[in-house]
Amino acid sequence: MSHVIEMIGIRKEFPGIVANDDITLQVEEGEIHAILGENGAGKSTLMSILFGLYHADKGIIKVRGKQVDITSPNDAFDLGIGMVHQHFQLVHNFTVAENIILGKEGGFVYDIKSASKKIKEISDRYGLSIDPDMVIEEITVGMQQRVEILKMLYRDADILIFDEPTAVLTPQEIDELMQIMRNLAAEGKSIILITHKLDEIKAVAERCTIIRRGKLIDVVDVKSTSAEEMAALMVGHPVSFKVEKAEAQPADVVLDIRNLNVMNNKKVLGVKDFSLSIRRGEIVGIAGVDGNGQSELVEAISGLRKVESGEIFFNGKDITNVSIQERNEMGLGHIPEDRQKRGLILSSPLSTNFVIKEFYKEPYSRHGILHNDEIEEYGEKIIERFDVRSGEGISSMAGTLSGGNQQKAIIGREIEADPELLIAVQPTRGLDVGAIEFIHKELVKERDNNKAVLLVSFELDEIFNLSDRIAVMNAGRLIDIVYTKETDEHAVGLMMAGIKKEERSEG
């Protein structure tokens, strides 16, 4: 087979870091080729060079055997290269069709009708199931991603780059995306898949290029290489996929939620008559399909959303209506679902982000004056312990870090603050297997240090790996609470669909 893409000897430096160090990538026509690497290994940088967002310091790029100079995304599009970014680039109050033709149609007048017809034809051809007249803000995240794919196909791209495409998708949407990729490859499209998820690589990719700390480590045949072997090549040591933990020793109740009702953004109840208690020394997992009240529940506990009725007690004190600052000071830690909107100030340095909840206290400030030495010392401790990689260390702007390193920065800040209760929402989203193994161990360590952990994850294997008890949510209601060792994924899956235990036994 001929190479549709060749990137040879690519080098790219940023201040304080070599992101790509003499990397070569060869992609064959019609193949799904994975790029695997740790957070900050240089995968996205390499693809940003191919898409024209960055320019390599050294190396050459060939497309279909011809050497090219890609200086902008427009050059990439002209060469038939498209990219679906990790964070979508859509105008939310526009329709699907309007987003797809944006920047494509010239002049002041464009034919939306014929554009919609073409979009519908492409959607049907590749099994995307998209209605061109839908408004972006009214469709799911999974559907928004399909719009990004349609944008590429509408521009006749036949080399498609997917950057961490499943980071925000539900398990069902992931399965559907994998099938869409197979459909695209069957039609002769060449796909480059950047991911941390080994099961996805095993599911769809033929070959995998593995990068570690900016260097090419190996190119492997996916079918003949085990997930364990790929993980070890990626991080440089063997990785355990199973969390080792002793039996939980739950003590007194830390969080007590009683008959909670919370409105969602559509002004209807997102959480309905929900009751749950969490004790010291246990991890309680919330299982449920995304959008079934988990976000509203977490926001109510953390103080980000008003409670309509019901009560929340923290260490015996009613916190239903107390401020976020008071909750923080009482020992409530929160790893939020959206790291960029709720977790970090992207335009501020890591040093500021690490003390954002505590900057007004000693030793970080005295008499209203910040003590930068103490702030930096504390930040360096988090960077080292949680392996947060950035070009300029503690002074790096949070927005310049890779998504996975942003996540590690937030987790480090929340755990280092030594909370009584840690709410961890999608804590390993976008992390590589080495980082996932580390974070899972840290969450178990919190439990074993007599802390309470509330875990919200859409990854059922993560829920089962970490949780001592599982609370299942559907349509804002608590369906059941089960002990992990007494249930299985099939039973929990049925509960996630709203089928209670007694209904299953009757059926």
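Any value given below was found using the heavy atoms of this structure, including those in side chains, with hydrogens, waters and symmetry copies removed. Everything numeric here is computed off the predicted structure, so don't read it as measured data.
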Assess whether side chain to side chain contact (heavy atoms under 4.5 Å, CB included) is satisfied between Leu370 and Ile375, documenting all intermediate values.
CA-CA 8 Å; Leu370 290 175; Ile375 290 171; 4.2 Å; yes
Begin from the C-alpha positions of Ile49 and His55 and carry the test side chain to side chain contact (heavy atoms under 4.5 Å, CB included) through to its verdict.
CA-CA 6 Å; Ile49 290 168; His55 200 269; over 6 Å; no
Go through the steps to decide whether Asp133 and Val96 satisfy the test side chain to side chain contact (heavy atoms under 4.5 Å, CB included), and finish with yes or no.
CA-CA 6 Å; Asp133 298 324; Val96 167; over 6 Å; no
Check against salt bridge (Lys or Arg N to Asp or Glu O under 4.0 Å), Lys245 and Asp448
CA-CA 9 Å; Lys245 64 183 197 290; Asp448 293 346; over 6 Å; no
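A distance of 11.0 Å separates CD of Gln89 from CG of Asn99, quoted to the nearest 0.5 Å. Rounding to the nearest 0.5 Å gives a distance of 12.0 Å between CD1 of Ile192 and CD1 of Ile32. Note that CD1 of Ile257 and CG of Leu297 are 5.0 Å apart. Values are rounded to the nearest 0.5 Å. Interatomic distance, CG of Leu304 versus CD1 of Ile324, reported as 4.5 Å (0.5 Å rounding). Interatomic distance, Gln325 CD to Glu358 CD, rounded to the nearest 0.5 Å: 11.0 Å. Here the CG-CD distance, from Leu344 to Gln407, works out to 8.5 Å after rounding to the nearest 0.5 Å.
Here side chain to side chain donor-acceptor pair (under 3.5 Å) pairs that include residues 384-396, with residues two or more places apart or in two chains, are Glu38-Arg389, Arg385-Glu416, Arg385-Glu442, Asp387-Arg389, Ser390-Ser396.
One finds a salt bridge joining Glu414 and Lys357 here, because a Lys/Arg side-chain nitrogen approaches an Asp/Glu carboxylate oxygen to under 4.0 Å. The existence of a salt bridge linking Glu308 and Lys306 is confirmed by a sub-4.0 Å separation between a basic side-chain nitrogen and an acidic carboxylate oxygen. Of the charged side-chain nitrogens involved, none lies within less than 4.0 Å of a carboxylate oxygen, so that Lys451 and Glu446 do not count as a salt-bridged pair. A salt bridge between Lys43 and Asp163 is absent, with no side-chain N of the basic residue lying under 4.0 Å from a carboxylate O of the acidic one. Using a cutoff of 4.0 Å between basic side-chain nitrogens and carboxylate oxygens, Glu282 and Arg469 are scored as salt-bridged.
Looking at Asn474, its side chain does come within 3.5 Å of a backbone N or O of Met496 through a donor-acceptor pair. Remark: the backbone N or O of Arg429 is paired with a side-chain donor or acceptor of Arg339 at under 3.5 angstrom. In this structure a side-chain-to-backbone donor-acceptor pair under 3.5 Å is present from Glu98 to Thr95. Between the Glu137 side chain and the Asn93 main chain, no donor and acceptor come within less than 3.5 Å of each other. Side-chain atoms of Arg146 come within 3.5 Å of backbone N or O of Leu128 as a donor-acceptor pair. Side chain of Lys197 to main chain of Glu164: no donor-acceptor pair is present (N/O by atom type, distance under 3.5 Å, no hydrogens or angles). The backbone N or O of Ala475 sits less than 3.5 Å from a side-chain atom of Asn292, completing a donor-acceptor pair. Counting only distance, with no hydrogens or angles, the side chain of Asp338 and the backbone of Arg342 share no donor-acceptor pair below 3.5 Å. For the pair Gln406 (side chain) and Leu346 (backbone), a donor-acceptor distance under 3.5 Å is absent. In terms of modelled atom types and a separation under 3.5 Å, the side chain of Arg327 and the main chain of Phe314 share no donor-acceptor contact.
Counting heavy atoms of neighbouring residues, nucleotides and ligands inside a 6.0 Å radius, atom CZ of Phe359 does not exceed 12 of them. Environment of CZ in Arg212: crowded, with over 12 heavy atoms of neighbouring residues, nucleotides or ligands closer than 6.0 Å. When the shell of 6.0 Å around CD of Glu377 is examined, it contains 12 or fewer heavy atoms from other residues, nucleotides or ligands. Counting non-hydrogen atoms of neighbouring residues, nucleotides and ligands closer than 6.0 angstrom, the NZ atom of Lys441 reaches no more than 12 such neighbours. When the shell of 6.0 Å around OH of Tyr364 is examined, it contains more than 12 heavy atoms from other residues, nucleotides or ligands.
Between Leu53 and Pro73 the shortest heavy-atom distance is CD2-CG, 3.7 Å. Nearest approach of Ala409 to Ile382, heavy atoms of both residues: O-CG2, 4.5 Å. Taking both residues in full, the closest heavy atoms of Glu420 and Val254 are given as O-CG1, 4.3 Å, listed atom of the first, atom of the second, then distance. Contact record, Ala115 with Ile101: CB-CG2, 3.6 Å, taken as the closest heavy-atom pair. In terms of heavy atoms, Ile410 sits closest to Pro336 at CG2-CD, 3.8 Å. Shown here for Met178 and Val204, the closest heavy-atom pair between the two residues is SD-CG1, 3.6 Å.
By the 6.0 Å and 45° rule, Lys12 stacks over the aromatic ring of Phe14. A cation-pi arrangement is not found for Arg477 relative to Phe274, the charged atom failing to lie both closer than 6.0 Å to the ring centre and inside a 45° cone about the ring normal.
Side-chain contact between Leu198 and Leu36: present, with at least one pair of heavy atoms (C-beta onward) separated by less than 4.5 Å. You'll find the side chain of Asn353 reaches within 4.5 Å of the side chain of Ile345, heavy atoms only. Inter-residue side-chain proximity for Ile415 and Ile411 is flagged as met; some heavy-atom pair is nearer than 4.5 Å. Side-chain contact between Ser467 and Thr484 is present, with heavy atoms from C-beta onward closer than 4.5 Å. At least one side-chain heavy atom of Glu337 sits less than 4.5 Å from a side-chain heavy atom of Phe458. Between Val425 and Glu299 there is no side-chain heavy-atom pair separated by less than 4.5 Å. In this structure, Ile301 and Leu454 have side chains that are in contact, with non-hydrogen atoms separated by less than 4.5 Å. When side chains are defined from C-beta on, Met330 does not count as touching Leu421, because their heavy atoms never get closer than 4.5 Å.
The aromatic rings of Phe51 and Phe77 sit perpendicular to each other, their planes meeting at more than 60°, with 30° as the lower class boundary.
At a cut-off of 3.5 Å, with distance as the only test, no side-chain donor of Asn74 or Ser72 sits close to an acceptor on the other residue. Glu362 and His371 share no donor-acceptor pair across their side chains, judged by distance under 3.5 Å alone. Side-chain N/O atoms of Glu311 and Thr320 include no donor and acceptor closer than 3.5 Å. Checked by atom type, the side-chain pair Arg279/Asn450 shows no donor-acceptor distance below 3.5 Å. Side-chain atoms of His33 and Thr209 form a donor-acceptor pair, as typed in the model, at a separation below 3.5 Å. No side-chain donor from either of Asn39 and Asn405 sits under 3.5 Å from a side-chain acceptor of the other. Side-chain polar atoms of Asn261 and Ser309 form a donor-acceptor pair below 3.5 angstrom.
Between Phe354 and Tyr378, the ring center distance fails the sub-6.0 Å criterion.
With respect to Met473, the side-chain contact (heavy atoms from CB on, under 4.5 Å) criterion is satisfied by exactly one of Met495, Lys272, Gln294: Gln294.
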